[in-house]
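Atoms within each ligand, like the ligands themselves, are counted from 1 in listed order. What you see below is based on every heavy atom in this structure, not just the backbone, and it leaves out hydrogens, waters and symmetry mates. In this chain, residues are counted from 1 in sequence order.
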Amino acid sequence: MNLKQVLWGISGLLAFAGGSIALAATVDSDSDSSAKKDYLQHCASCHGEARLGGIGPALLPDNLSRTRKKAAIDVISNGRALTQMPGFGALLSEKQIKAVADYVYQPPKLLPKWEAKEIGASRVEHFDQDKLGNKPVFKADLQNLFIVVETGDHHATLLNGDTFEPIHRFKTRFAVHGGPKYSPDGRYVYFASRDGWISKFDIYNLKTVAEVRAGINTRNAAMSFDGKTIAVGNYLPNNMVLLDARDLSLIKIIDAKNDEGKSSRVSAVYTAPTRGSFVAAMKDFTEIWEIPYSGENKFKARRVVLEDYLDDFFFNQDYSLVIGASRPANSKGHQKNLTGKVINLDTGKLVSNIDIKGMPHLGSGITWDYQGTEVLASPNLSKGEVSVIDMKSWKTVKTLKTEGPGFFMRSHEGSKYAWADVFFGPNKDKIHVIDKSTLEIVKTLQPEPGKTAAHIEYTKDGKYALLSIWDMDGAVIVYDAETLKEVKRLPMKKPSGKYNVYNKTHYERGTSH
Ligand code: DHE
């Protein structure tokens, strides 16, 4: 072990201070540039000397892939509103600020390690869960609660789904992404942040009870059907991390490495409740992996080798098929034109092609019954259309023209409508309402001109649909799902997703799981 490795090891020893982490000193002897000195002097106390994050987010190229350098320079100069990030414009020259930005976009000389030791050291139990009460400290229908993620200032709101009154607002980790996952009884909710933090929140007691950092750059987390295990899919390191849902202690790290020794980023991991397993999508080799969470092969990955890459997918109702957006095996990384494929999850064999071009967002697909068959509707990230596919013949029943590419779709068994947003382009402030029985767009709403309107979630009974106005000065708007009239508007800070306890824990067909 050389000096650098020793120092990386030391940097992984995390000390908790008030729920945030402080990284021990790391020195990279090869680089003593002035930018690095400025970084160590001004940034390291919050972002970690090894740039792995602390009270501020990790500043490694992978973690910054969604932030343009120009925006980063602006944040370093002027600070970030509603966070603890101060501006350094008065302290550092423009040249120094640009050099610090260049520095944080450079890959580190050694890939940071995040193994059992680092995961274990990051874990904290904020409360003794056995000592917390078993009755909610508020009155509401516990099945009709919503968690609303507010990405604007990294908070979440617990919302009463009958009165639409906020019950509690609390801080989350920086940049929570993907759907938070509920325990089967709905008492706990688990959040995953892009920087790898998994936080367990006790809804009954309104407290974050435990946290662990399961990776450095995380995609998402899935909850097992029995509520016992959480699987975390990571880009960095290339692995899946299984955690005990009770205290977030580490069960197992599964390296995403194939037989040839090639390693892959894990695009996403989902639960397949009827199979008692997690299913993970691999970004860098043409495989999907299934990890049973019960039975004799518990936690042993089964590799399903495919012809092409499949990094975003959806399941049929019995979880025997995955319906995915596929990239050819010889393609490199990101590509604009994907094709739809239906794959048998047991054999990895192609069942059917589906006729969707562009970038179908099948992970956001929903299903409903239509004229004696079941159809799947998927938005498209690069084209203004929604595809409706027959799940028996796999033929396209209809392609609906929308006012631009969309991100999310939603419906509910109790509603005759499905909603499709227009997330990208000049019409991002519009949202379409589709009649599920005619497959026609029957209404296009523009709830707040100029501001992105996206992501619907229904109440437990399907009678109301909640929409996000995706803006710092944003809102959650409650619509009567029948009349499509606005019922209430709740101011929120860039609300992204919202998640209804009943719909999620009952795997409602109209929502993501
Ligand atoms: Fe997401 C879910 C991937 C960008 C907001 N997003 C998911 C899931 C995946 C995914 C795999 C399902 C995980 C789950 O819920 O367990 N998202 C990706 C991407 O690959 C992409 C395009 C690029 C990236 O950098 O990751 C991407 N996503 C975004 C955003 O830019 C969004 C709009 C804002 C943000 O928070 O980063 C965004 N993604 C969301 C939301 C969900 C989500 C709100 C949960 C949807 C749900 O209702 O379940």
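For an aromatic pair to be called close, the ring centres must be under 6.0 Å apart, and H155 with F170 fails this. The distance between the ring centers of Y293 and F225 does not fall below 6.0 angstrom. In this structure, F314 has its ring center no closer than 6.0 Å to that of Y270.
No side-chain donor from either of E403 and T444 sits under 3.5 Å from a side-chain acceptor of the other. Counting only N and O atoms by type, the side chains of H177 and R219 include no donor and acceptor under 3.5 Å apart. Between the side chains of W419 and Y479, no donor-acceptor pair of N or O atoms lies under 3.5 Å.
Sorted by chain then number, the residues whose non-hydrogen atoms approach ligand 1 to under 4.0 Å are R66, H177, G178, G179, K181, R194, R219, N220, A221, A268, Y270, F407, F408, R410, F423, H455, W470, G497, Y499, S512.
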